[in-house]
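Counting starts at 1 for both ligands and their atoms, in listed order.
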Amino acid sequence: MTVSKADQKPPLVMSAVVAMATNRVIGDGTGLIWHLPDDLKRVKSLTMGCPLIMGRKTWQSIGRPLPGRGSIVLTRDLNWQAEGAVVVHDFESALAAAKAWIAANNPNCEKMILFGGGEIYQMGLDYCHQIDLTVIDISPDGGPDAALFPELDEASWTKHLEAKIDPAGDLPGYRYECWYRATPPRAF
Ligand SMILES: NC(=O)c1ccc[n+]([C@@H]2O[C@H](COP(=O)([O-])OP(=O)(O)OC[C@H]3O[C@@H](n4cnc5c(N)ncnc54)[C@H](OP(=O)(O)O)[C@@H]3O)[C@@H](O)[C@H]2O)c1
């Protein structure tokens, strides 16, 4: 039996990309509450060429489609639309839209990205094989609409420290971690 190239293609995985403070705050509900240029560059390189699954509030915090990536946006509002967004109304449809985006735009892409915010991480983490996590050494209040990254069950994940960045000038220290799921994630 011959094995075609298509058969050799690794299975599609889902990866969450997130930056959180030590108290798990990821934003104030309308945007980020820090500016770490190098972390933004890392997000760009981790996500380029992939579909991003995000909530409507995260879409609005960014305000535009990120170039070279698909924007799959979850909302319960059946009338909501935005130029450059693929609008979906439930998580199953988000998965289907992300797969369709890959087929149409970048068939070599091997991952879809769970891009936040707090509600969408909560909904999608069970499907994730991997979490690329930036942990920032601050503990901000976040305000009344603060979004949080969910607590992780450490028994279900293996954590690797990838880099530690010291504070510099106005910038706090932070570290890059990669968490790999120890047991298979939910199938999609
Ligand atoms: N630090 C990071 O790495 C990072 C990453 C991403 C976002 N953020 C921050 O996180 C904050 C936003 O997070 P958030 O939790 O407030 O909002 P979010 O998760 O971005 O979006 C929530 C919205 O998603 C839609 N939604 C949620 N569940 C749904 C479902 N089951 N079916 C259909 N639609 C659904 C709803 O939209 P409708 O209200 O339109 O129905 C809901 O209001 C912002 O501050 C942003 O800057 C931080």
- Relative to each other, are the rings of His129 and Phe188 parallel, tilted or perpendicular (30° and 60° limits)? perpendicular
Check each of [options] against [atom] and report the one with the nearest heavy atom.
atom                    : options                : answer
atom 47 (O) of ligand 1 : Ser93, Ala19, Gly31    : Gly31
atom 45 (O) of ligand 1 : Gly55, Gly29, Ala147   : Gly29
atom 40 (O) of ligand 1 : Asp39, Thr75, Thr58    : Thr75
atom 14 (P) of ligand 1 : Gly116, Gly118, Gly124 : Gly118

Minimal non-hydrogen separation, [X] against [Y], with atom names:
X      : Y      : result
Ser71  : Gly84  : CB-O, 3.9 Å
Cys109 : Pro51  : SG-CD, 4.0 Å
Gly124 : Phe91  : CA-CZ, 3.7 Å
Thr134 : Tyr174 : CG2-CD1, 3.8 Å
Thr58  : Ser61  : O-OG, 2.7 Å

Name the closest protein heavy atom to [atom], giving the residue it belongs to and the distance to 0.1 Å.
atom                    : result
atom 9 (C) of ligand 1  : Ile26 O, 3.8 Å
atom 18 (P) of ligand 1 : Gly117 N, 3.6 Å
atom 36 (C) of ligand 1 : Arg76 NH1, 4.1 Å
atom 32 (N) of ligand 1 : His89 O, 3.4 Å
atom 16 (O) of ligand 1 : Lys57 CD, 3.6 Å
atom 5 (C) of ligand 1  : Tyr121 OH, 3.3 Å
atom 25 (C) of ligand 1 : Leu74 O, 3.2 Å
atom 42 (C) of ligand 1 : Glu119 OE1, 3.5 Å

Taking only heavy atoms of [X], which atoms of ligand 1 are found under 4.0 Å from at least one of them?
X      : value
Ile120 : 19 (O), 24 (O), 27 (C)
Phe115 : 5 (C), 6 (C)
Arg56  : 21 (O), 23 (C), 24 (O), 37 (O), 38 (P), 39 (O), 40 (O), 43 (O)
Trp34  : 1 (N)
Gly27  : 45 (O)
Leu32  : 1 (N), 2 (C), 4 (C), 47 (O), 48 (C)

Side chain [X], main chain [Y], donor-acceptor under 3.5 Å:
X      : Y      : answer
His89  : Thr75  : yes
Thr47  : Val43  : yes
Asn23  : Pro140 : yes
Thr158 : Ala182 : no
Asp132 : Cys178 : no

- Say whether Met123 and ligand 1 are in contact under the criterion: heavy-atom distance to a ligand atom below 4.0 Å. yes
Can you tell me which portion of [X] lies within the under-4.0 Å heavy-atom range of ligand 1? Options are side chain, backbone, both, or neither.
X     : value
Met54 : neither
Thr30 : backbone
Phe91 : neither

- Side-chain donor-acceptor contact under 3.5 Å, Asn108 with Glu110: no
- Query: Quick one: do Glu162 and Arg42 make a salt bridge, cutoff under 4.0 Å?
  - Reply: yes
